[in-house]
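Working notes, structure below.
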Amino acid sequence: MLSEAERRFRTNLLEWWQENRREYPWRESNRTLYEVFVAEFFLTQTPADNVAAVYPRFLERFPTLDSISEANENELVEVIEPLGFQNMRSAALKQIASTHDHLPAEPELLMELPRVGRYVANATLCFARGDQLPILDRNVERVYSRVFRDAWPETEADQLSYTERLVPGDARAYNLALLDFGAIVCGPDPLCGACFANEYCVYFQSLQE
DNA sequence: AAAACGGGGCG
DNA sequence: CGCCCAGTTTT
């Protein structure tokens, strides 16, 4: 059961997103599971614009897992280098490619891969396939902990359960909207003056004392 | 110098 | 689960 505020937030967020969505190469339609995975794998702790600058080159040189397993690791490191974490990342990709000829399409199986946690697994499957999975990173946490402050749980496991209830049938649109909202409006220094949630956001209400 | 960050690893 | 680590960028 969703609260009134939760239902309104969900509806308002999707409406807002129709006019405010950000475009990135990995969001284009018909991206494969592998292509979306590569993007999400690089997007952890790395600004989207940096990933966007390297992404086409990476996919051209490494269009499949198989092409990674055949490449030498130095070349992999070179292509990833502008993003940082190049050693950890190429070692992980090498290991994944050496043990898989295709990526598993279930979150628990994706999470068995090195350097793939809950965020990358759920984001990959939701954005590539539309799977109805919640995504939870620090941006999403910041948004929910403001808007639903009193109800928002403390621990990561409880937060994941909480977000699971909110994800609608069009999970892809909802989760992308949540990320864009956290980046554009509800960032570390929030633009409450431009926000649709002022009538029910607990954080905004607390500012009005 | 210190905080932020998603994942890994430990007890 | 709670805590701390490695690696990197941002403040």
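Every chain is numbered from 1, with letters handed out A, B, ... down the list of sequences.
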Spacing between A/Arg89 atom CZ and B/dC5 atom P, to the nearest angstrom
16 Å
Just how far, in rounded Å, is P of B/dA4 from CD of A/Gln45?
13 Å
Look at the rings of A/Trp26 and A/Tyr24 and say which category their plane angle falls in: under 30° parallel, 30 to 60° tilted, over 60° perpendicular.
parallel
Does B/dG6 have its OP1 or OP2 closer than 4.0 Å to a side-chain nitrogen or oxygen of A/Arg138?
yes
Check the distance between B/dG7's P and A/Asn87's CG and give it to me in whole angstrom.
19 Å
For a quick check of understanding: with a heavy-atom distance under 4.0 Å over all strands, which category does A/Ile135 fall into, base, sugar-phosphate or nothing?
nothing
Taking atom types as modelled and ignoring hydrogens, do the side chains of A/Ser161 and A/Asp158 form a donor-acceptor contact shorter than 3.5 angstrom?
no
Rounded distance in Å - CE (A/Met111) to C1' (B/dG7)
10 Å
For a quick check of understanding: with a heavy-atom distance under 4.0 Å over all strands, which category does A/Thr46 fall into, base, sugar-phosphate or nothing?
nothing
Length of the CG-C1' vector between A/Leu136 and B/dC5, whole Å
13 Å
Do the non-hydrogen side-chain atoms of A/Leu2 and A/Leu166 ever get within less than 4.5 Å of each other?
yes
What's the CZ-C1' distance between A/Phe41 and B/dG7, to the nearest Å?
10 Å
Quick one: A/Arg142 CZ to B/dG6 P, roughly how many Å, whole number?
10 Å
What is the nucleic acid contact for A/Asp137, judged by heavy atoms within less than 4.0 Å: base, sugar-phosphate only, or nothing?
sugar-phosphate
Starting from P on C/dG2, measure out to CD on A/Glu156 and report it in whole angstrom.
10 Å
Taking any heavy-atom pair under 4.0 Å as a contact, classify A/Phe85: base, sugar-phosphate, or nothing.
base
Pair A/Asp180 + A/Arg27, salt bridge at N-O below 4.0 Å
yes
When you measure from the side-chain N and O atoms of A/Gln86 to the phosphate of C/dG7, is any distance below 4.0 Å, counting only OP1 and OP2?
no
Winner on side-chain proximity to A/Arg115, out of C/dC1, C/dG7, B/dG7, is B/dG7
Do we get A/Arg165 above A/Tyr162's six-membered ring, with its NZ or CZ under 6.0 Å from the centre and within 45° of the axis?
yes
